[in-house]
Structures are given as C-alpha cells and as structure tokens.
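Notes follow the structure.
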Amino acid sequence: MSFKQRTHECGILRAADAGAQITVNGWAHRVRDLGGLFFVDLRDRSGLVQLYFDPQKFGNLSDIKSETCLSVCGIVQERAEETKNPSLATGDVEIQVDSFDILGTSKPLPFPLSDEQVMANVNEELRIKHRYLDLRRPKMYNKLALRAATIRKIRSYLDERGFLEVETPIITRSTPEGARDYLVPYRLEPGKFYALPQSPQQYKQLLMVAGIERYYQIAKCFRDESQRSDRQPEFTQLDLEMSFVTQEDILSLAEGLTLEVVNELISEFGLEKDPVGLFERLTYDESMRLYGCDKPDLRFGLQLFDLTELAKSCEFSVFQSVAKSGGSIRGVRYPGGAKLSRKEVGQLEEFCKTLGAKGMASIGVESASDAKLHGGVSRFFNEQEARQIIETSAAEDGDLLCLIADSYMSGNNVLYRLRNEIGDRCGLRSKRSLKFCWVVDFPLVEKDEETGLWSPMHHPFTSPKIEDMPLLDTDPAKVHADCYDIVCNGTEWASGSIRIHRSDIQSKIFHLLGINEQTQQERFGHILEAFTYGAPPHGGIAPGIDRLIMFLMDDDNIREVIAFPKTGNGYDPMMDAPSEIDLQQWQELGLKQQKY
RNA sequence: GCGGGUGUAGCUCAGCGGUUUAGAGCGCCGGCCUGUCACGCCGGAGGCCGCGGGUUCAAAUCCCGUCAUCCGCGCCA
C-alpha cells in the first residue's frame with residue numbers, strides 16, 4: 001500500500017509556516033463534527049495540530065473516528081485571531097485539508113486515551129493488555145523518550161571515559177544463593193537447566209580478569225521473587241566494573257555520572273526538579289544511628305535521638321528495663337506534633353505497632369527553654385532529665401517527641417518508617433528535590449535469624465576491608481566491607497563493592513558463608529580458577545535504570561516507566577504470558593507434566 | 001505464604017441497613033448543527049453486578065469459598 005509520507009511533524013507547525021503545502025501523518029486524537037464544519041486534532045509523537053475539513057468538499061467524513069490513522073495533504077493557514085487556541089502549541093494555525101488517506105481504521109477504544117483525567121484511573125491491567133494504545137499517550141511517550149535519553153547519556157559519559165560495552169549471556173547457569181532463578185530447560189540433557197541472570201555479576205568480574213579494565217552494560221536482570229510497586233521480575237541496571245581501582249575511584253565515577261546525566265536531563269526535559277548537588281556521605285553505622293535505616297531520606301533532617309543512658313535511671317519502668325537489658329530508647333521529633341489530639345497520637349502509636357513496635361511513648365514539648373514537657377510519659381521525668389531530653393532531641397516548642405523502646409535494630413525498623421511518615425505529614429519530602437547520598441562501610445555479613453548462618457549483606461564476592469580481615473576468624477559481624485550504596489530520597493538506587501580478586505580470600509569467605517569446598521568447586525569453580533591467573537583488583541556498581549526514571553518522573557510505580565510491564569503475579573496480560581506449551585514441547589524437553 | 005483494599009455498561013463510578021424496570025458522566029449508534037478545540041443539542045442501544053456455593057419468600061446488596069487486580073509484610077545473595 002502506498003501513502004503520502006509526511007513533510008512536517010504535527011507539533012512543530014507555527015504561524016510562520018502559513019501558506020506551506022504540506023503532508024502530515026498521524027492519528028485522529030479528537031474529532032469534532034459541527035455539521036457544516038469538521039475538525040480533527042491530528043496527533044503524532046511531536047504533538048497535535050488541528051485539521052479543518054470542508055464537508056462540502058468531502059461529503060461524509062464519518063469514517064474518521066478517534067485513533068483513525070491518517071495521511072493528510074493540505075495548506076497551513078494562520079487562524080483568524082478569534083479562533084486561535086492559546087492552549088495548543090500549534091494553536092495559531094490549522095491545516096486546511098486538500099486530500100487525505102485513511103491508513104488504518106480504528107474500533108472504539110477500550111479506554112479514552114485522549115482524556116488524561118480518566119486515564120489516571122483506568123484499570124492498570126487493561127492498560128497493560130492494550131499497551132500499544134496506552135503508549136500512544138504523550139505522557140507515556142515522554143517517559144520512553146526520557147528513558148532513551150537517559151541511557152544515551154549514560155553511554156556517552158562512559159564511552160568518553162574509555163569504558164567498553166560488553167553483552168553477557170541471558171541464558172546462563174543457576175546460582176541458587178541469591179534470589180529465586182528463572183529457569184530454562186536444556187533440551188539436549190533432560191534434567192539440566194539454564195537460568196536467567198539475576199545480574200551479570202560473575203561475568204563482569206571475569207571480564208576484569210580478561211583485561212577489559214572498564215566495562216559497562218545496560219543489563220536486563222531477572223529475579224523470580226514477589227513483586228512490589230518498585231520491583232518487576234525483569235528490570236534494567238547500568239552494570240559497570242573497573243579494574244585497578246579503589247573504592248574512591250568508583251564513588252567519584254558514579255557520582256560524576258549521576259550529576260551530569262541527571263542535571264542534563266532535568267534541564268533538557270524541563271523537569272520540575274532542583275539541580276542535583278554533590279552526594280552526602282554516611283557510613284552504614286551513622287545512617288542506622290541517625291536515620292534508623294541504610295536508605296535515609298535526606299530531603300529532611302529530623303535525625304533520631306538516643307535517650308538510652310538517661311532512661312537507665314529514669315522513673316519510667318518500661319524505659320528503665322529496656323535500657324538496662326541492652327535495648328535502646330530512641331526517638332524522632334515531630335515538629336508541631338504537640339498539638340495532636342490524644343486520639344491522633346493513639347493512631348500514630350497504632351502505626352508503629354503495625355510495624356512491629358510494642359508501643360510508642362510520646363512527650364509534648366511546651367517550652368524548650370523552660371524545659372516544660374507535657375502529656376504522654378512526661379510526668380516520669382524531673383526537670384534535669386527534661387532539660388537533657390530537650391537538648392538531646394534538639395526539641396523546639398510545640399514538638400512531639402515519639403519514643404520507641406526496643407532492641408536497637410527492631411527500634412530502627414520502626415523509627416525510620418515513623419520518621420518518613422512524619423516527613424510526609426509535615427510536607428518535608430519535596431517532589432522538587434532529589435537528594436542522593438552514599439552509604440558506605442556496610443558490614444560484610446549478617447546472621448540469618450532462621451538458619452543461624454552468616455549470609456552476605458551484599459553478595460559473596462564483596463571484599464572485606466583489609467584492616468578487618470583478622471576479624472573474619474574471630475568476630476565476623478564486626479567485619480566491614482568495601483561496599484557502598486547510592487540512596488535517593490529514601491530508596492536504594494545503586495549498590496556496589498570492591499570485589500575479592502584472590503581465590504584464597506574468596507574461598508575463605510565461601511567457607512564463612514557455609515559453602516564447603518565441594519560446593520564451591522561445583523558452583524564457583526570457574527571464578528575461583530579465574531582468580532588464579534593474575535586477577536586484577538576490581539570493583540563496580542549497578543544503578544537501577546527503572547528507578548532513576550521513576551525518580552525523575554515522580555512515578556511511584558515501576559510499571560509506569562517500563563514499556564511492556566507485567567502485573568504483580570508476573571503475568572503479561574498483553575502476550576498472555578506465561579502460557580501453556582504444546583505436547584511436542586514437553587516431549588522435546590524431556591519434561592513430565594506434574595499435577596500438584 | 002500472610003494482611004488490607006477493589007471487582008456493577010466499552011471506560012470512570014454511584015447503588016450494597018435485602019424488594020418489583022440496577023443508575024450517572026464519558027464513549028458508541030442515529031438525527032440536527034458553518035469556527036469548534038473536553039464543541040453543543042435531541043434520541044437510542046448497551047449489564048450472567050468477577051466466578052461458585054449458601055442464607056432468604058426475595059441477594060449487586062448478607063455469609064462462605066474462589067479467581068483476578070492493587071497496596072503492604074515475609075521474600076528480594
């Protein structure tokens with residue numbers, strides 16, 4: 001089928017184009033039939049322009065409906081002053097149509113894609129099922145365009161610095177230590193399976209052994225785990241790795257990349273964001289102490305405070321017993337919270353209890369300078385203690401101090417969410433602001449409560465800090481790692497580490513993690529052997545591409561920034577995947593159908 | 001695996017202390033309309049009220065189960 005190709009894009013036409021004989025291609029965004037007048041807003045990816053059809057010339061135009069695909073020839077005309085539309089970029093002109101071809105007719109749509117107000121509430125599964133229509137919306141196109149620009153800028157930044165983009169396999173082997181693997185049956189030997197990579201971790205380390213020195217990849221990763229609004233079974237990371245570097249080299253590269261890419265995107269796309277500044281840097285221990293978590297939202301202060309010492313001798317028996325038995329009494333300040341009603345404070349305590357707190361004690365601050373407290377547990381504290389509490393918490397008049405008594409880690413888990421909740425309530429989590437920070441010096445391992453075994457905080461290839469190596473045998477919990485995260489606005493964005501590049505140390509860590517010699521050889525023999533051939537020191541980091549687009553577009557749902565996402569159960573309603581396979585496929589793969 | 005929300009017309013929703021014909025807006029179909037741009041006006045079609053079971057004279061409405069979807073927890077080296 002032949003058709004007239006466009007001479008112009010719809011969205012660029014202006015009064016200066018008046019008189020031009022042009023051809024445009026696109027979709028009928030809206031149709032307005034006034035009887036003696038017939039208007040169509042024609043849309044392509046550049047924008048909208050109004051078409052004017054003279055019905056006397058064309059007769060019946062009822063074949064043109066919403067989303068009919070058209071090729072239109074006509075003349076650009078400046079509109080009469082009173083008919084200009086200032087709310088449309090091309091509103092000073094319209095195309096007087098000479099001829100048109102219908103390139104594709106359209107059935108009535110499953111949802112009104114020209115009505116953004118309704119689209120904001122349309123059943124998401126339906127949008128995913130008809131994603132090829134959903135993506136016609138300028139809003140969705142813009143997300144894909146921003147995503148493409150992001151990746152383009154990342155490539156350019158890294159290419160300029162000598163990085164080599166290398167593709168690593170999508171079908172590879174299962175490494176059951178991490179998340180659940182997606183498995184692919186191997187046809188030639190029934191019973192054997194490939195797995196899809198959870199990350200290109202081992203490949204990129206082997207590329208360092210291979211002398212690539214600077215590698216990156218826009219890498220698809222696959223994890224068969226339960227979903228969240230910010231997690232999909234397949235997602236995209238900027239995966240990068242460098243040889244002959246220290247932690248500082250990686251930090252400065254990743255920070256420089258983020259600053260340049262994000263700030264350029266903010267200005268080029270006109271995003272309503274303040275420019276991103278240099279990253280704050282916190283150690284893991286500091287972050288836990290000040291914010292109760294390893295992913296602090298630094299858009300606001302309200303650092304946690306600690307009353308454990310004071311509590312040991314106070315009259316409030318709950319605090320005293322927790323403090324004396326090794327627990328912590330810590331709290332967060334709620335600015336202006338003293339005016340909350342008893343009921344509202346009760347709701348706040350309920351919130352804490354749903355997070356696992358046994359309770360939440362509160363103190364209203366009437367006057368910080370006079371050490372006047374009121375309400376809650378304030379009656380248990382004498383004036384000297386009151387002064388101490390106010391000083392420690394940096395309380396101001398009208399604050400509510402929210403206190404949690406629990407073990408340090410359990411308390412943290414409540415306090416950091418409570419702090420974020422208070423930040424929300426006080427309007428401190430500004431959408432304009434992107435606060436990136438480094439969290440560094442993570443512990444190497446943590447104890448798995450269920451199995452009692454040591455498990456890696458990051459992954460088993462992470463290098464312990466050299467100065468902590470002696471502690472590996474005596475007190476593994478105290479060993480810190482050359483491991484670092486980038487956090488943005490309270491969400492983990494990137495994670496990386498300096499890797500182990502010596503097979504003796506790698507083997508020692510595997511032993512610590514309870515992986516015996518035989519299993520090491522079976523699962524990791526390739527990497528242990530590779531390290532015996534002159535492996536260079538190396539390290540890297542992997543920021544999430546999807547999440548970066550979420551930050552930039554203010555989406556709190558990862559599906560919104562992915563072209564063809566899956567629903568919460570990993571189902572793709574558009575392709576109807578996963579699907580049954582036919583009998584021949586079962587047989588070829590040597591699989592037996594099992595009914596559970 | 002667990003907890004909570006939702007499921008009614010193509011879409012967004014109302015109805016849900018039980019009742020006779022289940023509504024609205026948008027969309028769709030038909031008619032009218034020469035400056036609209038969320039065009040307007042008139043008329044019309046369209047519903048296994050997610051699915052299965054139960055209680056009841058009577059169920060969209062109450063109960064049980066189930067499925068899908070959303071949010072969260074566990075999980076996510």
Side-chain angles (χ1 to χ4, degrees), chain A residues 29-42 48-56 62 65-67 77 79-88 90-91 93-94 96 106-130 133 174-181 197-199 201-202 221-233 235 351 354-356 413 417 444-446 448-450 453-462 481 483 492 495 497 509-510 513-515 523-524 544 556-557 559 566-569 571 573:
Chain A
H29 191 65
R30 285 204 183 90
V31 178
R32 291 180 293 280
D33 181 359
L34 279 67
L37 289 169
F38 192 91
F39 296 104
V40 171
D41 290 334
L42 192 73
L48 297 175
V49 67
Q50 176 165 278
L51 307 177
Y52 165 70
F53 294 77
D54 182 355
Q56 294 195 324
S62 62
K65 303 175 195 300
S66 269
E67 297 305 314
Q77 286 190 327
R79 300 200 207 177
E81 206 56 42
E82 67 276 13
T83 66
K84 288 184 176 175
N85 181 354
S87 60
L88 193 63
T90 60
V93 298
E94 65 191 7
Q96 181 164 345
S106 177
K107 292 198 298 186
L109 302 165
F111 41 68
L113 61 88
S114 67
D115 187 336
E116 279 302 324
Q117 273 188 336
V118 174
M119 287 309 296
N121 292 316
V122 167
N123 179 298
E124 201 191 340
E125 190 188 6
L126 191 70
R127 285 176 52 211
I128 295 174
K129 179 170 182 173
H130 300 276
L133 293 177
S174 176
T175 51
E177 285 69 31
R180 195 176 295 112
D181 285 320
Q198 297 174 28
S199 101
Q201 182 62 35
Q202 294 187 54
C221 304
F222 306 86
R223 292 178 193 175
D224 184 5
E225 291 294 346
S226 172
Q227 318 241 315
R228 293 290 184 276
S229 58
D230 60 354
R231 277 172 19 200
Q232 278 273 295
F235 58 97
F351 173 81
T354 63
L355 302 174
N413 191 40
R417 291 172 211 243
L444 182 73
V445 292
E446 60 188 340
D448 186 311
E449 295 300 334
E450 282 176 31
L453 295 172
W454 295 108
S455 69
M457 197 87 168
H458 183 45
H459 57 53
F461 311 108
T462 299
C483 184
E492 181 189 321
S495 205
S497 61
I509 296 295
F510 282 143
L513 300 174
I515 304 170
R523 291 184 189 161
F524 303 108
D556 48 19
N557 182 331
R559 296 182 294 274
K566 293 174 178 59
T567 67
N569 285 345
Y571 176 65

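It should be emphasised that the depicted structure is a prediction, and the values quoted were computed from it without experimental measurement. The figures here come from the full heavy-atom set of this structure, side chains too, leaving out hydrogens, waters and symmetry mates.
- Remark: A:Arg223 engages no residue in a salt bridge (Lys or Arg N to Asp or Glu O under 4.0 Å) (not counting sequence neighbours).
- Across all strands, A:Arg523 comes closer than 4.0 Å to no nucleic acid atom at all (heavy-atom distances).
- Within the nucleic acid shown, A:Lys129 has no heavy atom closer than 4.0 Å to any nucleic acid atom.
- Applying the side chain to side chain donor-acceptor pair (under 3.5 Å) rule to pairs touching residues 108-123 of chain A yields A:Glu116-A:Arg137, sequence neighbours excluded.
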Salt bridge (charged side-chain N to carboxylate O under 4.0 Å, His left out) assessment of A:Arg559 paired with A:Glu124: CA-CA 9 Å; A:Arg559 296 182 294 274; A:Glu124 201 191 340; 2.6 Å; yes
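- Contacts between residues 114-122 of chain A and RNA chain B, defined by a heavy-atom separation under 4.0 Å, are made by A:Val118, A:Asn121, A:Val122.
- Residue A:Pro112 is in sugar-phosphate contact alone, with no base atom involved, counting any heavy-atom pair closer than 4.0 Å across all strands shown.
- A:Arg417 is linked by a salt bridge (Lys or Arg N to Asp or Glu O under 4.0 Å) to nothing, counting only residues two or more places apart in sequence or in another chain.
- The partner of B:rG17, taking Watson-Crick or G-U wobble pairs whose two distances both stay under 3.5 Å, does not exist in any strand shown.
- When heavy atoms are screened at a 4.0 angstrom cut-off, A:Arg127 is found touching no nucleic acid atom at all.
- Using a 4.0 Å heavy-atom criterion, one finds that A:Ser226 contacts the bases of the nucleic acid, with or without backbone contacts as well.
- Residue-to-nucleotide proximity on RNA chain B shows that, of A:Tyr52 and A:Phe111, the 5′-proximal contact is made by A:Phe111.
- When the P atom is compared between B:rG50 and B:rA45, the two are found 24 Å apart, to the nearest whole Å.
- Not counting sequence neighbours, the partners of A:Phe38 by the ring pair (Phe, Tyr, Trp, His ring centres under 6.0 Å) test are A:Phe53.
- As judged by a 4.0 angstrom heavy-atom cut-off over every strand, A:Glu94 is placed among the base-contacting residues.
- Nucleotides B:rG44 and B:rC63, compared at atom P, are 38 Å apart to the nearest Å.
- Distance check on atom C1': B:rA59 versus B:rC75 gives 41 Å, rounded to whole Å.
- Nucleic acid contact class of A:Glu125 (heavy atoms, under 4.0 Å, all strands): sugar-phosphate only.
- Pairing partner, B:rC41: B:rG31, with both Watson-Crick or wobble hydrogen-bond distances short of 3.5 Å.
- Here A:Ser229 lies in heavy-atom contact (under 4.0 Å) with sugar-phosphate atoms only.
- Nucleotides of RNA chain B that come within less than 4.0 Å of any heavy atom of chain A span, from the 5' end to the 3' end, B:rG10 to B:rA77.
- The structure places CG of A:Leu444 at 10.5 Å from CD of A:Glu446, a figure rounded to the nearest 0.5 Å.
- Across all strands shown, B:rU36 remains unpaired; no Watson-Crick or G-U wobble contact has both distances below 3.5 Å.
- With sequence neighbours excluded, no residue satisfies salt bridge (Lys or Arg N to Asp or Glu O under 4.0 Å) with A:Arg30.
- Taking the P atom of each, B:rC16 and B:rA60 are spaced 14 Å apart, rounded to whole Å.
- Remark: the separation of the C1' atoms in B:rC49 and B:rU6 is 14 Å, to the nearest Å.
- A 4.5 Å side-chain heavy-atom check between A:Glu125 and A:Ile128 finds every atom pair outside the cut-off.
- Nucleic acid contact class of A:Asp224 (heavy atoms, under 4.0 Å, all strands): none.
- Using Watson-Crick or G-U wobble geometry with both donor-acceptor distances under 3.5 Å, B:rC62 finds its partner in B:rG54.
- Annotation: B:rG7 and B:rC51 have their C1' atoms spaced 11 Å apart (nearest Å).
- Counting any heavy atom pair closer than 4.0 Å across all strands shown, A:Ser199 reaches a base atom.
- The salt bridge (Lys or Arg N to Asp or Glu O under 4.0 Å) check on A:Asp230 picks up A:Arg547, with sequence neighbours excluded.
- Nucleotides B:rC42 and B:rG25 are separated by 11 Å at their P atoms, to the nearest Å.
- Taking atom P on both B:rC41 and B:rG53, the two are 45 Å apart, rounded to the nearest angstrom.
- Nucleic acid contact for A:Leu355: none, since no nucleic acid atom lies under 4.0 Å from a heavy atom of the residue.
- Within 4.0 Å of A:Arg228, counting heavy atoms only, lies at least one base atom of the nucleic acid.
- Taking CG from A:Asp41 and CG from A:Leu48, the interatomic distance works out to 5.5 Å, rounded to the nearest 0.5 Å.
- Residues forming a ring pair (Phe, Tyr, Trp, His ring centres under 6.0 Å) with A:His459 (at least two apart in sequence, or on another chain): A:Phe461.
- Checking A:Asn569 against A:Thr567 by side-chain atom types alone, no donor-acceptor pair falls below 3.5 Å.
- Both A:Lys84 and A:Glu124 sit near RNA chain B, but only A:Lys84 has its closest nucleotide nearer the 5' end.
- Pairing for B:rU6 goes to B:rA68, judged as Watson-Crick or G-U wobble with the two contacts each under 3.5 Å.
- Contacts of A:Asn557 with the nucleic acid, taken as non-hydrogen atoms under 4.0 Å apart, involve only primed sugar atoms and P, OP1 or OP2.
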